[in-house]
S.K.: 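For reference, the structure I am asking about is given below.
No hydrogens, no waters, no symmetry mates; every other heavy atom, side chains included, goes into these values.
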Amino acid sequence: MAPSRLGHVMRRLDPHPGEWIDRSLPLGFTFEGREYHGFSGDTISSALAAEGVTYLARSFKYHRPRSILSFANHDSNVLLCVDGVPNVRGDVTPLIAGMRIEAVNTHGGLALDKARILDYLGRFLPVGFYYKAFHSRRYFAYWERLFRRMTGLGQVSLHAVRRATPKRYGFCDVLVIGAGPSGVAAALAAARAGASVTLVDEGMRCGGSAVSHAPLQKLIDEVYQSASISVRPQTEASGCYADHWVALVDRVRLTKMRAKAVVFATGVIEQPAVFRNNDLPGVMLATAALALLSRHRVSPGRRIVMIAANLEAYEACLALSAQGIRVEAIIDLRSQQEALDADAEMQNCAALGMEILHSHAPYRAIAGPDGAVCGLDYGPLDPNLRVDSRKLRRISCDALLMSVGWAAAAQLLQQCGGKTRFCDSLQQFIPDELPTGTFAAGRMNGVYEIAARIADGERAGALAAAHAGHGRAGDAPVPRSTRRPSHRFPIIDHPAARNFVDFDEDLQVKDLENAIQEGFDSSELLKRYSTVGMGPSQGKHSHMNALRILARARGISPGELGLTTARPMYHPVPMKYLAGRSFHIERRTPLDSDHAAIGAVWMPAGNWRRPEYYARTGENREQSVAAEVRAVRNAVGLIDVGTLGKIEVYGAQAGIFLDRVYAGRLADLRVGMTRYGLMLDESGVIVDDGVVARLGQEAFYFTTTTGGSATVFRELLRLNAQWGLDCALVNVTGHRAAVNFAGPLSRDILQPLCNVDLSEAAFPYLALREACVAGIAARLLRVGFVGELGYEIHVPAGRAHELWQALMEAGRTLGLRAFGVEAQRVLRLEKGHLIVGQDTDGLTDPIEANAMWAVGMKKPFFIGQRSLKILAARGPRQLLVGIEISAAGRLPRECHLLIRDGEIAGRVTSILRSQTLGKAIGLAMVVPELAASAGELAIRGEGGEMIAAKIVPTPFYDPQLLRQKAVTAA
Amino acid sequence: MFTRHDSLRPGYEAVIIGAGGHGLAAAYYLARDHGMRDVAVLEKGYLGGGNTGRNTTIIRSNYLTPEGVRFYDESLRLWQDLATDFDLNLFYSTRGHFTLAHTDAAMRTMRWRAEVNKHLGVRSEAVDAAFVKRMIPMIDLTCAGHAPIVGALFHEPGAIARHDAVAWGYGRGADRRGVQIHQQTEVTGIRVKAGRVVGVETTRGFVATPKVLCAVAGSTPRILDMLGLRTPIYVHPLQAMVSEPVKRWLDPIIVSGSLHVYVSQSARGELVMGASLDPYELHQTRSTLDFAESLSSHMLDMFPFLGEVKINRQWAGLADMSPDFAPIMGITAVEGFFLDAGWGTWGFKATPVCGKTMSHTLATGRNHPLIEGFSIDRFARYQLTGEKGAAAVGH
Amino acid sequence: MKLMVCPLNGPRAITEFAYGGAVRPMPDPDSCSDAEWSDYVFNRAGSPGIKREWWCHIASGYWFIAERDTARDIVVGTFPPGARDAPA
Amino acid sequence: MNQLTLQLMNERARVGCKGPRAAEWLSGQGLAIPAGPNSYSFAPDAYGGLVLARLGSSEFFLEHDAAGDTLRRVAAGIATWPPGVYPVLREDCGWLLSGVAAEAMLAEVCSVDFAALDLSARPVIMTLMVGVAVLIVPLSGASDRQYRIWCDPTYGSSLGETLQRVIVECGGAYLGVTA
């Protein structure tokens, strides 16, 4: 059943000039399954209110019926699920035809919410109740399940589709946040000075909360006409970050705005009075009532009572009255003396028949049968701001409006480092220290009268433009308001509570007082313990009153407590806007489509994709990998190794440079030769390896690991900048393609394609030649990584495809196969070559990796050398050894542990079954005692079974390196 | 819950700098287990206002090194009984913890951790992608197609807790046993005579004491500078963010190193999310938009249906990182000065065991056996602890 | 997002840069003690303050020196490596 | 009016070199050397002009229509390793972005304010485009600006696909080949 329409508290009024709705465009929608109609220009809340729907939601904790409070995104009373989207704010979300709207956080619908019983139980639940109960190990699990079912607001649809939204970078000289009178004036002033201006406002239109004001309207028209002002309504400034970087969220996208200067014309947020049942539907802020009335022509009620504590209350009453709404009474918290600043308005109100009661306060609102407010008990206020409950009077009404004060919307200003101080006369925090390039104007700055707000905006706009390099401006401040727009304690105690301070979290005065009593008596601790201000509206309507309660309890001023830290987001932001399109760039070698054409099965390698193996019909993965290995061992194989980092270093001191960055000696490398290089960090840990080739006296070419290529190159650039040697580095990783063409037949197949003599004498193992292969200028490196006669062929990326096709064609009838990363892993392990990062970890040094053969300790200096001396003295903590498993059966997997005497004695770093060798082989990092023992060892396998293995020397395959040196080759 | 102490006494048997979880836990156990009640906890801000109140509350013991596993496992044991000890609901909620692997290399590390864990009696398993899908059916295993999940380390005891409440529980417990907690009291200097601590200078005057425990996370280098002690600690911000509350849909804690995401759903229904460390040194807890952008993007890669879920708030803490991603604890070269630092991104889960071991160390003057691998002199000896392999994304 | 003025490329968002750590003079490895060396390798000036650091503009591979106030999150100045006006 | 188009221009000839004497050597080849770092010179000719971009102070990137022979000559010269001149292999992937909406499109993928560039200074922009390092040379067209965008070829296909998506969403056209 849908909520009752019994009360018909609100209703749509006749057309009026300036209304925002378009009555020619009716929009149908459903709420809780029932059909309703609104107009284009309505928000969801205004449309429902106009249809007389009494309450729109249930509260977070007690499931009390709730309706419009601020109508301005300063509370989260009206959170709805709209077309499956949870937690949509009805107050500010434009109505669209066909919307299907449900209340959130109910159990069985809005009207019959089973959880409303919590409102009755609630009296037994003190603040911190959750911390005090159900925590025994026995009961917590049950209770948690129940609790988690009750908490949370909207329901996420697990089937919602991801929609990529665009994101944009934006730039302007001056960003003005808030298009009220001061913001509009600031934008105009900045534009007049020559600045490019962006003016944003979360509302649907410019003007802020100011209601129809002719001079302001003229300024707004000017703003729209200005070519240098970009006006962006319905755009929230969600966060202010460093260096004037502001997140702007509209209904399409996130714009990351970089401004040279920012004007905060963010205004003030009207604060509720706190009294019993101040959350009943029909109790709302005066600004909410005025906005409903003037924009959407929704009558807030027929018999209205105003709770007042400032001039704005009387102005609101007059505005309501002018539109035919009857105000029965004005309950003013202030004495007649204190209210003199509204003297003229008071007299006008009185003349219209409104009863004005000074030094009175609301004591409790009364709910009618439909749950909405139907009356108010009020009474005289004593000097301690307490209502004498023996002198109560009752007045009936169908709406209760509150106009008792404001809080500065200083959150964005605080986020970018602005400081505030409490102004006692205004009873408001005002900007104190502003970061460079930021300016504040208008009511947030303590300037309240509309002409003054416009003047203050002009001042701030001109200053901002000047900061951005346009025009000059003086800093003659606009005087702050001399009246008191905010009451110092609009909070009325009640023994039965339900006087809500925080509507998001259902927190009452006593909840805060109890927390303070328990010692949570700083603003930060109070916030965390009571959760005041931690709900979706982030304290916008609760923080100030909570501070006042804490200040009263401690006998100090709110200024001595200070505001708690304000953090982004100002309003919550859907993740889709933050995520944007989610760009994901993948790196592909120039041979990518060649791999795809022959059945490559891809695997990620850093941000690259590489063929893991090539699938062929009739073969499974294992068979394909084995066949690829066989091709290399018996005929020839071709692998794309283009992902290796490829770097050139030129210059008279290039050799010296390499001698410093590599652990091995390289300066003495002969031109036309290559050498394995091991790179360490300053602590002596292995960070990279590769092959270094000497192209010329002053030119070297070397490779790095795939994963390390970017970081290694960047660090080498840094070292080069630091050392200032006479050399220069060139990163050709992406510009050069590379393949490894390996196998006993490789030379025979390559020779006809190649313009240099490949014979052993002319081009020995570890040599390098510049050559022409298949008509392409290439670098050929005789390498032995896979343990066969083989050549790495490096060509410009643009020619890679030709090279690949030529090689494939040449080997087609001779058993050539392209092989992938998996086969290469097998081949290299058969050779016992380590993979940095797999067989070594973040603390492995060359001693432990058995790689001291690649280290030139006698060199004058290399990175890691000094540490290595210390490590040598310390002795290895582990050693990399070859292992062999002869038994059949399930193998251990990489990272399974070696166990000796019940203790961890090492781990397997690489393991697989070698078809070539007919046994399982691997590498393991083991404790030194075990490495020395050379005996049997035990590995704990997948199911916990112990698998016998033994330590063996490496390489496992062709230990004399005869094949790669081609000694036995034909 | 705690009383306000208006008077700072001229001297105490021990002074603890920092009223975060670690400092308060040490005070609690000093008073409860070692009979040391003449103790002051000095806090420059407010109780639990540092990393204790800023972390993402994940508790686990699935570390890589035996030292780490034993230490955190003891912490997990202590966690179980804290609520009863404190008579305070900490919302200690065992959820199960998944560290997702998107590459074979990551999977190897998961297996390594699982094997070490199991060897030491800690419930961890390397699981495949199908298991992940069974346990978290709503996850997109392909992660939008660019980081397919190949498996995970599943750590059944992984839990979350209400972070602030831990500080309150220890604080109240210590307070009731006579420990004085002084907020808004900043230590500005440490007085040393002949290599021994004799007291601390504070914004409220000098306080004499023979024993000082420094438990100040991101402020550690500043305190050590006061003593002229050198430190390997470097401080980077660690950011986090939280969504609006939504109804329960996610039970386990999910961590992905490749996507730089960790996420859990709190008892209130909020998604509590974090990523990796900020890339440069900073001693300020500002938030950045790039963080919220990239984390949201990666969240949607895993859980594409969350696009409309709103981010409510972001914040940051200051992580005191160590070179081997293991903590730095125990006695120092200055007699009477004890260190509890280097917690980086993983300190919350260690709160109880730090309290236990540091109170022991403070009371006896000797390092507790569980923290012997964590002493500050290990760097000079090149005896690093080696959590680095597993802790690329810690927490 | 912070802006950083690259001496070569001008003001850019800090996400265009890679942080290279503090500029730290290396002790003479031949004459220093093990303790001095391990101090250099592992220890840092970790307190907040104005730091001299290496930064790299990623797209151009250009390394330079930045002076940054790590307490206030302010880039005080940037200098080409080895520039005469770079503070010592 | 051209709203927005992106054309692939991989077939253009490109050459690079760096080194302490690179500027001097290039100048000796009769090429106009841009005076300042990160700026370019543009030499109009029958092939639509040669762009010579100075990257930093001592590195150069040249691109020209493949039909012209200037770059072939320069490349051959560099390959002889003149003293202090080091070859830089440039196999970049390139696109030409043009149209009145080009700046708006760039604002979706780059954090640099291209609209604010002073083209009379002939600036060369090295920046990140959706995380990929790019080299951007903006030239004044007849009615709009044209941006030549170059990147490492191994990022080319993925970046190209990404830009294509954005371009199309922005209402522009993606041309796989030069029109």
S.K.: Under 6.0 Å from the CZ atom of C:Arg72, do we count more than 12 heavy atoms belonging to anything else shown?
M.R.: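 Counting neighbours around CZ of C:Arg72, 12 or fewer heavy atoms of other residues, nucleotides or ligands fall under 6.0 Å, so no.
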S.K.: Dump the intermediate steps for side chain to side chain contact (heavy atoms under 4.5 Å, CB included) on C:Ile58 and A:Arg714, then the final yes or no.
M.R.: CA-CA 8 Å; C:Ile58 295 165; A:Arg714 192 176 295 154; 3.5 Å; yes
S.K.: Do C:Met26 and A:Gln722 come within less than 4.5 Å of each other through their side chains, counting heavy atoms only?
M.R.: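 No; the side chains remain at least 4.5 Å from each other.
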S.K.: What part of C:Tyr62 gets within 4.5 angstrom of chain A, counting heavy atoms only: side chain, backbone, both, or neither?
M.R.: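 C:Tyr62 has no heavy atom closer than 4.5 Å to chain A.
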S.K.: Does the side chain of A:Lys869 reach to within under 4.5 Å of the side chain of C:Trp37, using non-hydrogen atoms?
M.R.: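 A:Lys869 vs C:Trp37: side chains apart.
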S.K.: Charged N to carboxylate O below 4.0 Å: is that the case for A:Arg866 and C:Asp34?
M.R.: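 Salt bridge present between A:Arg866 and C:Asp34.
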S.K.: For the CD atom of A:Glu682 and the OG atom of C:Ser38, what is their distance to the nearest 0.5 Å?
M.R.: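 The OG atom of C:Ser38 is 12.5 Å from CD of A:Glu682, to the nearest 0.5 Å.
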S.K.: Side chain, backbone, both or neither: which part of C:Phe42 has a heavy atom under 4.5 Å from chain A?
M.R.: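 Only the side chain of C:Phe42 comes within 4.5 Å of chain A.
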S.K.: Inspect the surroundings of NZ in A:Lys419 and state if more than 12 heavy atoms from other residues, nucleotides or ligands are less than 6.0 Å away.
M.R.: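 Result for NZ/A:Lys419: open.
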S.K.: Let's test your reading of the structure: which of A:Leu729, A:Asp681, A:Ile870 forms the most heavy-atom pairs below 4.5 Å with chain C?
M.R.: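 Most heavy-atom pairs within the cutoff with chain C belong to A:Ile870.
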S.K.: Is the backbone of C:Met1 close enough, under 3.5 Å, to the side chain of A:Arg258 for a donor and an acceptor to pair up by distance?
M.R.: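 Yes, A:Arg258 side chain to C:Met1 backbone: donor-acceptor pair under 3.5 Å.
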S.K.: Can you say whether A:Phe861 sits under 4.5 Å from chain C via the side chain, the backbone, both, or neither, judging by heavy atoms?
M.R.: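 The side chain, not the backbone.
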S.K.: Can you check side chain to side chain contact (heavy atoms under 4.5 Å, CB included) on C:Lys2 and A:Trp245, steps first, answer last?
M.R.: CA-CA 8 Å; C:Lys2 288 301 291 178; A:Trp245 180 252; over 6 Å; no
S.K.: Closest heavy-atom contact between A:Ser683 and C:Val41?
M.R.: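 Taking every non-hydrogen atom into account, CB-CG1, 3.7 Å.
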S.K.: Enter the distance from C:Ile74:CD1 to A:Asp243:CG here, rounded to the nearest 0.5 Å.
M.R.: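 Nearest 0.5 Å value for the CD1-CG distance: 9.0 Å.
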